[in-house]
Amino acid sequence: MTTLRKVMLVDDEEDIRAIGKLSLSRVGGWDTVLAASGNEALTKAAAEQPDLILLDVMMPGMDGPTTFNKLREQDATSRTPIIFMTAKVQKQEVARYLELGAVGVIGKPFDPMTLPKEIRKLVPE
């Protein structure tokens, strides 16, 4: 069981970060930390110690799976639950992310009203 207080959303698209923040903080009731890139995610996750990381798969520079592996190498985030967010939710893609060690995959575009419920299904509090 994980108590979710602080959730980090990593996405290179500003509108997704904005909608995500509203959904996570207003609907979910969580403190929300935003990062626009893999590199920013590594720095902010170590400093902020979120209880969960939502990680976009397709990002310029360092993509989601690479960021995931680097987060796992950091002491601060080696055990933090990570959920991938992607528009490509084919079975083999999902299986690959779960094999990496993600706790789940959420499709994009997500519904801001139901996103916290989807997260709670994957990470029971």
Determine, using the 4.5 Å side-chain heavy-atom cutoff (strictly less than), whether [X] and [Y] are members of one ILVMFWY cluster.
| X | Y | result |
| --- | --- | --- |
| Val94 | Met85 | no |
| Val33 | Met59 | yes |
| Leu115 | Val103 | yes |
| Val57 | Leu42 | yes |
| Val7 | Leu55 | no |

Can you tell me how far apart [atom1] ([X]) and [atom2] ([Y]) are? Round to the nearest 0.5 Å.
| X | Y | atom1 | atom2 | value |
| --- | --- | --- | --- | --- |
| Ile119 | Thr114 | CD1 | OG1 | 9.5 Å |
| Ile53 | Leu71 | CD1 | CG | 4.5 Å |
| Ile83 | Phe68 | CD1 | CZ | 11.0 Å |
| Lys44 | Leu34 | NZ | CG | 6.5 Å |
| Glu73 | Lys70 | CD | NZ | 5.5 Å |
| Arg5 | Asp31 | CZ | CG | 10.0 Å |

For a 4.5 angstrom cut-off between non-hydrogen side-chain atoms, does [X] reach [Y]?
| X | Y | answer |
| --- | --- | --- |
| Arg17 | Glu14 | yes |
| Met8 | Glu48 | no |
| Leu122 | Ile106 | yes |
| Leu22 | Pro112 | no |
| Ile16 | Phe110 | yes |
| Thr3 | Asp51 | no |

Output all residues satisfying side-chain contact (heavy atoms from CB on, under 4.5 Å) with Gln90, sequence neighbours left out; order by chain, then residue number.
->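 Here the qualifying residues are Lys88, Gln92, Glu93.
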Go through the structure and list residues passing side-chain contact (heavy atoms from CB on, under 4.5 Å) with Ala46, not counting sequence neighbours.
->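 With neighbours one apart ignored, the set is Gln74, Ala76.
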What are the two closest non-hydrogen atoms of [X] and [Y], and how far apart are they?
| X | Y | answer |
| --- | --- | --- |
| Ala102 | Phe84 | CB-CD1, 3.6 Å |
| Pro65 | Arg96 | CG-NH2, 4.4 Å |
| Leu52 | Ile82 | CD1-N, 4.4 Å |
| Pro116 | Ser23 | CD-OG, 3.4 Å |
| Ala41 | Thr67 | CB-CG2, 4.2 Å |
| Pro60 | Asp12 | CD-OD2, 3.3 Å |

Could you give all pairs that pass the ring-ring contact (aromatic ring centres under 6.0 Å, His included) test and reach residues 9-46, with sequence neighbours left out?
->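 Sorted pair list comes back empty.
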Just by modelled atom types, is the [Y] backbone N or O under 3.5 Å from a matching donor or acceptor in the [X] side chain?
| X | Y | value |
| --- | --- | --- |
| Ser37 | Glu40 | yes |
| Ser25 | Lys21 | yes |
| Asp56 | Val10 | no |
| Arg72 | Thr77 | yes |

Is the number of heavy atoms from other residues, nucleotides or ligands under 6.0 Å of [X] [atom1] greater than 12?
| X | atom1 | result |
| --- | --- | --- |
| Arg26 | CZ | no |
| Asp15 | CG | yes |
| Lys108 | NZ | yes |

